[in-house]
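Input: a single structure, listed below in structure tokens.
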Amino acid sequence: METHKGDNPNKYGSSAPNLVNRQTNAKDTVINVNGIEIGGEEIVIIAGPCAVENMEQILETARAVYSGGANILRGGAYKPRTSPYSFQGLGEEGLRYLSQARKETGLPVVTEVMDTREMELVCKYADIIQIGSRSMHNFPLLKEAGKCRKPVLFKRGLMATIDEYLHAAEYILSEGNREIILCERGIRTFETSTRNTLDLSAVPVLKRQTHLPVIVDPSHGTGHSWLVPAMAKAAIAAGADGIMVEVHNKPLEALSDGQQSLYPEEFVQLVKDLDKISQAMGRRLFLHKSLLA
Ligand code: PEP
Ligand code: MN
């Protein structure tokens, strides 16, 4: 970490709690998921639909993101929707489809858990469990995630300060799980031209205050697919260890978040651009073997 004489990394806002704090753990935490290192030198790309909708959709999208250069497949089986009448996700059936997509492509999967009662089930299927923005303050869920043996992709709450976010992460760490990936996904401000305000300054702040990997989700961060490439590139330039983007084989037919989902061809172009930005940052993309061959 870059240090400046007389400068305290925690001086803006209150200090990061003990276990997440870089001052107590100076070394970067690197999380290994089936050989993919998150938080190391290489940039990791997580891609897939907002929700798992059916077998064909997840398989087609998984194949497309795999051949486009994704390292990890995303897709929700339990969806936190604003309206109780909107598609809520397929539950365990969706988890089974994700397993099938992992079997076909070899991509590890990340999927959200919303309820302590489903923790065991989700852990059985997922390679990484996701705790979504709306659950950031669900302390019983955080404690359960702390007890499970899977890495946690932990999203910043949409109204959370960085200090609150890091204290919430501390809940997971303090229960024994040290494998946490932080994710900036936009916060709620007065601005209405984007779905959320993507706080890219959170990236260097989090990297400075903690030893945990930091990724950015420009899909929920902006809410518009046309904005995703610019903000994904900016995230890597700001020092993020990876990005998570929504990609759908047919965005116009998506049951959730189609307007912010990239077409597979747009994703392919984005990965090419991210490769250049990564190199400019002295890093490189974690490309899987099929693309290196
Ligand atoms: C998601 O990634 O599927 C999601 C619901 O995001 P967030 O929790 O950031 O809204
Ligand atoms: Mn979504």
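Each ligand, and each atom within it, is numbered from 1 in the order the structure gives.
- Annotation for Glu104: atom CD counts as buried by contact number, over 12 foreign heavy atoms lying within 6.0 Å.
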- Query: Yes or no on side chain to side chain contact (heavy atoms under 4.5 Å, CB included) for Met244 and Gln130, after CA distance, side-chain angles and deciding distance?
  - Reply: CA-CA 12 Å; Met244 175 155 87; Gln130 177 171 322; 3.5 Å; yes
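- Backbone and side-chain nitrogen or oxygen atoms of Asp217 are examined, and none is located within less than 3.5 angstrom of a nitrogen or oxygen of ligand 1.
- What sits closest to atom 6 (O) of ligand 1 on the protein, heavy atoms only, is Lys155 NZ, 2.9 Å.
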- Query: Please walk me through it: do Arg96 and Glu93 pass salt bridge (Lys or Arg N to Asp or Glu O under 4.0 Å)?
  - Reply: CA-CA 5 Å; Arg96 280 199 296 270; Glu93 189 186 351; 5.7 Å; no
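- Nearest non-hydrogen protein atom to atom 4 (C) of ligand 1 is His220 NE2, 3.5 Å.
- Polar contact with ligand 1: present for Ser133 (N/O pair, distance under 3.5 Å).
- Criterion: ILVMFWY side-chain heavy atoms under 4.5 Å apart, direct or through other members. Under it, Tyr97 and Leu59 are part of a common hydrophobic cluster.
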List the atom pairs, donor and acceptor, that lie under 3.5 Å between side-chain atoms in residues 178-185 and the rest of the protein, sequence neighbours left out.
from   : atom 1 : to     : atom 2 : distance (Å)
Glu184 : OE1    : Arg156 : NH1    : 2.8
Glu184 : OE2    : Gly186 : N      : 2.7
Glu184 : OE2    : Asp199 : N      : 3.1
Arg185 : NE     : Ser133 : OG     : 3.2

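- Under the ring pair (Phe, Tyr, Trp, His ring centres under 6.0 Å) criterion, Tyr165 pairs with Phe154, not counting sequence neighbours.
- Atom 9 (O) of ligand 1 has Arg185 NE, 2.6 Å as its closest protein atom, hydrogens excluded (heavy atom only).
- The number of heavy atoms from other shown groups lying within 6.0 Å of CD (Glu120) does not exceed 12.
- Summarising the local packing, NZ of Lys272 is surrounded by 12 or fewer heavy atoms from other residues, nucleotides or ligands at distances under 6.0 Å.
- For the Mn ion (ligand 2), the neighbouring protein N/O/S atoms at less than 2.8 Å, given as residue and atom, are Cys50 SG, His220 NE2, Glu246 OE2, Asp257 OD2.
- Residue contacts with ligand 1: Arg156 is excluded, as none of its non-hydrogen atoms falls under 4.0 Å.
- Of all atoms in ligand 1, numbered sequentially from 1 with element shown, those under 4.0 Å from a heavy atom of Gly132 are 8 (O).
- For Tyr171, the ring pair (Phe, Tyr, Trp, His ring centres under 6.0 Å) partners at least two apart in sequence or on another chain are Phe139.
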